[in-house]
Amino acid sequence: MLSLLLLLLLGACTSVQGSLTGKLSVQVDGLPSGVEARVVVQPLGKAVSASQVLEVPEGTYEVVAEAVEGPSGERYVPTVEGSPARVEYGKVVQVRVSYQVDRDTLPATLILVIEGLPEGAEGSLRVSGEGVNQVVKSTGRLTLRPGVYTLRADAVSYAGERYIPSPASDYVVLAPGSTVSKTFTYAREVRTGELLITIQGLPTGTQAQVRVRDGSGTSVASLTESRLLSLPVGTYFVEADPVGTYVPQVSGSPANVQAGGRAEVQVAYQNRPASLSLTLEPTSLTISRGATGSLRATLTPQNFQGQISLSLQGAPSGVSVSPGTVQVSGTTQATLTLSVGASVAPGTYPITLIAQGQGVSASAGFSLVIPQPDFTFSLSPQSVSVSQGQSATLIASVSPQNGFSGQISFSLVNPPAGFSLSGGPVSPNGPTDVPLVLSVGTGVTPGTYSLVVKAEGGGVSRTQTLSVQVSPTTGQLALSILFQGAPAGTEGYVVVSGPGGDQVITRSQVLTLAPGTYTITAYSVVVGGTQYNPEPPGGTVQVLAGQTASFTITYKPPTGP
């Protein structure tokens with residue numbers, strides 16, 4: 001019985017299903033984030049997708065790992081180290097599973113460039129192979145498995161136009177980890193039609209001058225005779241130039257050339273002699289010496305185009321016109337500059353403008369007025385107030401006109417005695433202000449005077465009237481000295497103090513004084529033993545220019561007790 005128990009116990013110890021346990025550590029590395037391992041622990045059948053520590057009974061275990069696929073189709077191959085592993089009670093045994101990428105399975109990058117389409121249009125490029133069937137509409141990049149891929153581009157239509165790719169198809173071999181670029185260029189489909197241009201009416205041996213332009217204005221053909229043109233679909237304009245006296249008439253232009261169709265344009269020449277007419281605006285022009293003016297000439301040709309020369313007939317020396325030539329093609333307007341030299345004499349001149357060129361001529365007349373040089377003259381102010389013996393400043397403003405040049409002087413015309421004017425002369429090149437000084441003598445009688453100021457120079461004389469108010473420079477003081485009860489001929493004693501000093505007055509008197517404030521002081525006097533006292537004993541008085549102030553002092557004897 002005991003022997004049987006020992007045999008059973010020994011058998012349990014050697015079995016994986018023993019009751020005593022240890023730990024099996026499965027370490028997984030080498031895989032990118034998000035990719036799970038494929039590992040199985042036998043004989044448990046336990047699947048492990050990442051590093052893990054398993055608690056297992058004592059025994060022998062085999063760790064089996066399989067290859068896995070990465071996010072871009074790459075393949076990761078495992079290597080197992082430490083398997084099979086013997087797990088014992090209370091111990092940890094490690095098995096390492098290391099994955100490495102199979103470089104032959106690395107994804108490749110395909111860069112597709114789609115160009116040539118107008119903004120807003122999408123391409124159509126199909127990529128197929130290795131399980132891929134994808135349409136690409138714009139420039140971009142694809143991550144694909146290594147292998148062979150077919151590229152096919154389809155034509156696209158946009159805004160009424162059809163665009164053809166080049167190349168239409170291609171293929172690409174993508175090696176593991178490689179980057180390959182392919183470009184597909186779209187171009188607008190060019191469809192063609194015919195344009196028949198018939199030229200007639202010219203003498204034998206005479207070549208026409210015909211041009212054909214497309215809708216953008218680019219010349220596509222130059223013709224001298226009838227011709228059938230093969231052109232891309234579109235709108236075309238046919239133009240013809242005169243040949244000598246033969247003038248073309250074009251019918252059927254613009255012509256719409258359609259795919260596979262034929263459009264026709266006829267150019268018929270007719271013999272029409274060339275002519276030219278000329279009109280001018282204005283017909284009368286005023287220009288100062290040394291200045292310029294403008295004429296607007298309208299040239300109307302008939303059956304003619306080319307260069308026209310311009311000249312003046314009847315113009316005085318020093319008068320010229322520019323430009324000297326004008327290119328005429330149809331009715332042409334030209335602005336002409338007429339220059340007048342500084343030495344041209346003033347006057348009115350009838351002048352004819354002559355236009356000539358290649359067998360045609362025309363003329364038109366106009367009147368040129370060269371005014372006499374002049375200047376304007378103004379005076380500021382036009383009214384002044386001046387005291388006797390004083391002066392005032394005036395501003396004379398002059399502005400040359402009509403090419404005036406020279407010196408301008410200023411003077412008074414027949415002035416009353418005591419008036420004089422100084423300032424100037426001046427040689428103005430433009431508007432000029434000149435200070436003038438008007439002086440009034442001390443002997444001029446106060447009052448209002450009307451003076452004439454004259455500006456003169458270069459044979460031109462201008463005047464301005466000036467009103468002058470002359471005021472006196474002194475005033476008067478009427479000083480009355482009166483006595484009560486004193487004998488006739490009694491004199492007082494009064495001192496007048498102010499501008500200019502003091503003066504003693506003994507009898508009534510009218511004093512001529514400079515304007516200002518005066519102090520009057522009266523003193524007592526003794527006559528026949530009697531003292532006479534002044535009332536008031538003094539005071540102040542204001543003397544104004546041109547006016548009379550008064551002050552009265554009365555001497556009185558003393559009153560009784």
Side-chain angles (χ1 to χ4, degrees), residues 379-396 410-424 434-454 464-484 486 488-525 527 532-556:
L379 199 63
S380 177
Q382 295 182 326
S383 177
V384 295
S385 294
V386 187
S387 298
Q388 294 169 311
Q390 302 297 314
S391 62
T393 300
L394 310 172
I395 299 297
F410 304 92
S411 62
L412 295 176
V413 179
N414 299 321
F419 289 90
S420 64
L421 185 69
S422 62
V434 184
L436 304 178
V437 176
L438 176 69
S439 299
V440 178
T442 57
V444 175
T445 303
T448 300
Y449 295 82
S450 181
L451 305 182
V452 176
V453 180
K454 179 172 67 174
Q464 288 286 319
T465 301
L466 174 66
S467 177
V468 181
Q469 177 68 42
V470 178
S471 59
T473 57
T474 60
Q476 291 183 326
L477 173 60
L479 182 60
S480 299
I481 301 176
L482 306 179
F483 282 85
Q484 290 184 358
T490 301
E491 294 182 346
Y493 190 89
V494 177
V495 178
V496 177
S497 302
D502 298 340
Q503 53 181 313
V504 176
I505 307 300
T506 59
R507 296 178 180 272
S508 296
Q509 188 175 344
V510 176
L511 303 176
T512 298
L513 302 172
T517 301
Y518 289 83
T519 300
I520 300 174
T521 305
Y523 296 93
S524 299
V525 297
V527 179
Y532 288 80
N533 298 318
E535 291 185 7
T540 60
V541 66
Q542 186 72 30
V543 175
L544 301 178
Q547 297 184 18
T548 301
S550 61
F551 196 91
T552 301
I553 298 174
T554 303
Y555 279 91
K556 298 180 179 181

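All residue numbers refer to positions in the sequence shown, counting from 1.
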Undergrad: Identify the heavy atoms of I395 and P435 that sit nearest to each other, and give their distance.
TA: CD1-CA, 4.0 Å
Undergrad: Taking the side chain as C-beta and beyond, is there a heavy-atom pair between P499 and L513 under 4.5 Å?
TA: no
Undergrad: Taking atom CG of L438 and atom OG of S391, what is their separation to the nearest 0.5 Å?
TA: 8.0 Å
Undergrad: When rounded to the nearest 0.5 angstrom, what is the spacing between CZ in R507 and OG1 in T490?
TA: 8.0 Å
Undergrad: Is the backbone N or O of I481 less than 3.5 Å from a side-chain atom of S508, with the two atoms forming a donor-acceptor pair by type?
TA: yes
Undergrad: Roughly how far, to the nearest 0.5 Å, is CD of Q464 from CG of L451?
TA: 13.0 Å
Undergrad: At what distance, to the nearest 0.5 angstrom, does CD of E535 lie from CG of L482?
TA: 12.0 Å
Undergrad: Can you confirm whether more than 12 heavy atoms, excluding those of F419, are under 6.0 Å from its CZ atom?
TA: yes
Undergrad: Going by the angle between their ring planes, with limits at 30° and 60°, are Y532 and F483 parallel, tilted or perpendicular?
TA: perpendicular
Undergrad: Given 3.5 Å as the limit, does a donor-acceptor pair link the side chain of Y555 with the main chain of Y523, or not?
TA: yes
Undergrad: With side chain to side chain contact (heavy atoms under 4.5 Å, CB included) as the criterion, how do Q484 and T554 come out once you've worked through the C-alpha distance, each side chain's angles and the decisive distance to 0.1 Å?
TA: CA-CA 7 Å; Q484 290 184 358; T554 303; 3.9 Å; yes
Undergrad: Compare every heavy atom of L436 with every heavy atom of A396, then report the nearest pair and how far apart it is.
TA: CB-CD1, 3.7 Å
Undergrad: To the nearest 0.5 Å, what is the distance between CG on L466 and OG on S450?
TA: 8.0 Å
Undergrad: Can you list the steps and then say if L412 with V453 is a side chain to side chain contact (heavy atoms under 4.5 Å, CB included)?
TA: CA-CA 5 Å; L412 295 176; V453 180; 3.8 Å; yes
Undergrad: At their closest point, which heavy atom of I553 faces which heavy atom of A522, and how far apart are they?
TA: CD1-CB, 3.7 Å
Undergrad: Does the Q388 side chain pair with the main chain of T473, one donor and one acceptor, at a distance under 3.5 Å?
TA: yes
Undergrad: Hey, what do you get for CD1 (I520) to OG1 (T552), rounding to the nearest 0.5 Å?
TA: 9.5 Å
Undergrad: Can you give me the closest heavy-atom contact between T448 and S467, atom names plus distance?
TA: CG2-OG, 3.9 Å
Undergrad: Got P472 and S387 here, is their nearest side-chain heavy-atom distance under 4.5 Å?
TA: no
Undergrad: Which residue in the set D502, T517, T540, T521 passes side chain to side chain donor-acceptor pair (under 3.5 Å) when paired with S497?
TA: D502
Undergrad: Can you tell me if T548 and Q476 form a side-chain donor-acceptor pair at under 3.5 Å?
TA: yes
Undergrad: Work out which heavy atom in Y449 is nearest to a heavy atom in P416; give both atom names and the distance.
TA: CD2-CG, 4.0 Å
Undergrad: Does any non-hydrogen side-chain atom of L477 lie less than 4.5 Å from one of S550?
TA: no
